[in-house]
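For reference, the structure discussed in these notes is given below.
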There are 2 protein chains.
Amino acid sequence: MQPPAATPSMDELRRTFREAGLSFTHQRMVLYRAVQEMRSHPSPEAIYEKVRGEIPSISLGTVYKNIRAFLDAGLLREVSPHHGTLRLETNLEEHHHLVCTRCKTIVDLEETDLEPVRLKCQLPGGFRVDRYNVEFRGLCASCAKMSELS
Amino acid sequence: MQPPAATPSMDELRRTFREAGLSFTHQRMVLYRAVQEMRSHPSPEAIYEKVRGEIPSISLGTVYKNIRAFLDAGLLREVSPHHGTLRLETNLEEHHHLVCTRCKTIVDLEETDLEPVRLKCQLPGGFRVDRYNVEFRGLCASCAKMSELS
DNA sequence: CTAACTGCAAAGTGTTTGCACTCTT
DNA sequence: AAGAGTGCAAACACTTTGCAGTTAG
């Protein structure tokens, strides 16, 4: 269901890091490989636990610093643009979201603004869906304008 | 674009709270109305700021406790099931998510598993979409089984 | 040799909890 | 009167930051 997650060779990694402007350290390499091997959308803590098997002396701070470096370099992404603070929803109807990834503004789209989403495949065994929601990510008008100026 | 957000009358609120098993207090009422008036998916902090205009002595703790009460009662929802902890994404391709709201597991669906999402309307002025992602929420097989037992 | 990275500990956020007091029912 | 809710402060969980020592380029 996922591409085979071919663990990249040392040399490929060297290049990847260099292109991202990151120097090649043992910790960094092990961290990167660990995340690639975990197909499970891991948390920093989960990555830390896994990597400790290989580098027992690694610190959680290093894990966080490297995750941030990977994110900034576009080597990794965050699942949700709203981790960090709780955001509340008043509209209990089925609806969708337009999210500005810069200022975090959320705008609702009504369900009827979209053609219904249709699955072409079966869902993984036994998963019971309650509802779905489409999230469009991008920049709102004012953030888009600001980013053009730079 | 949103239903008129008719601020509920005192009596309607009394009933709403009673049905939710919540007693009717001044703070609660002002909080609830404030959230309904803010069509902006507010954070707890934003709600606190707004409500302080009306009840300067209210505490942030009370705001959090009431938000939790509203969430538990289904009067409010969280925008993201993953606020709280950073979750990382290895798959940089366009794809979608199946999320178990109980154990927070995330499973990827490939883009080709879905018919393309089609908008029936214009996006609000000037919004620039980079990508979109469909999030199916529900219970995974094992969590579904566990919840049947209770 | 210099700049970047690591480990550790301290500081920051955002959120929950415990407790004495007050208000709703 | 009993139970629920409030305010305040302390405790927590998650994440970032600062710094001295180490390593990569």
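Values below: every heavy atom of this structure, side chains too, minus hydrogens, waters and symmetry copies. Here is how names work: the chains are called A, B, and so on, in the same order as the sequence lines, proteins then strands, and each is numbered from 1. Quantities reported herein were computed from a predicted structural model and do not represent experimental measurements.
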Verify the ring-centre separation between A/Phe17 and A/Tyr32: is it less than 6.0 angstrom?
-> yes
A correct 5'-to-3' footprint of nucleotides 20-25 of chain D, with B, S and - meaning base, sugar-phosphate only and no protein heavy atom under 4.0 Å, is ----SS
Any residue of residues 59-70 of chain A with a heavy atom less than 4.0 Å from an atom of DNA chain C | A/Ser59, A/Thr62, A/Lys65, A/Asn66
For A/Ala69 and A/Arg28, work out which heavy atoms get closest and say how close.
-> CB-NH1, 4.3 Å
Touch class at under 4.0 angstrom, heavy-atom based, for B/Ser57 against every strand present = sugar-phosphate
Using atom CD of A/Glu49 as one end and atom P of D/dC14 as the other, report the distance to the nearest whole Å.
-> 12 Å
Nearest whole angstrom, please: distance from the P of D/dT6 to the OH of B/Tyr48.
-> 14 Å
Does B/Gln27 make a side-chain N or O approach to OP1 or OP2 of C/dC23 shorter than 4.0 Å?
-> no
Only one of B/Arg131, B/Glu111, B/Glu110, B/Glu89 passes side-chain hydrogen bond (donor to acceptor under 3.5 Å, both in side chains) with B/His95; say which it is.
-> B/Glu89
Heavy-atom nearest pair, B/Cys100 first then B/Cys140, reads SG-N, 3.4 Å
note: A/Leu31, atom CG; C/dC5, atom C1'; distance rounded to Å ~ 12 Å
Flag for A/His97-A/Asp108: side-chain donor and acceptor within less than 3.5 Å = yes
Using the six-membered ring of A/Tyr64, assess whether NZ or CZ of A/Arg68 lies under 6.0 Å from its centre and within 45 degrees of the ring axis.
-> no
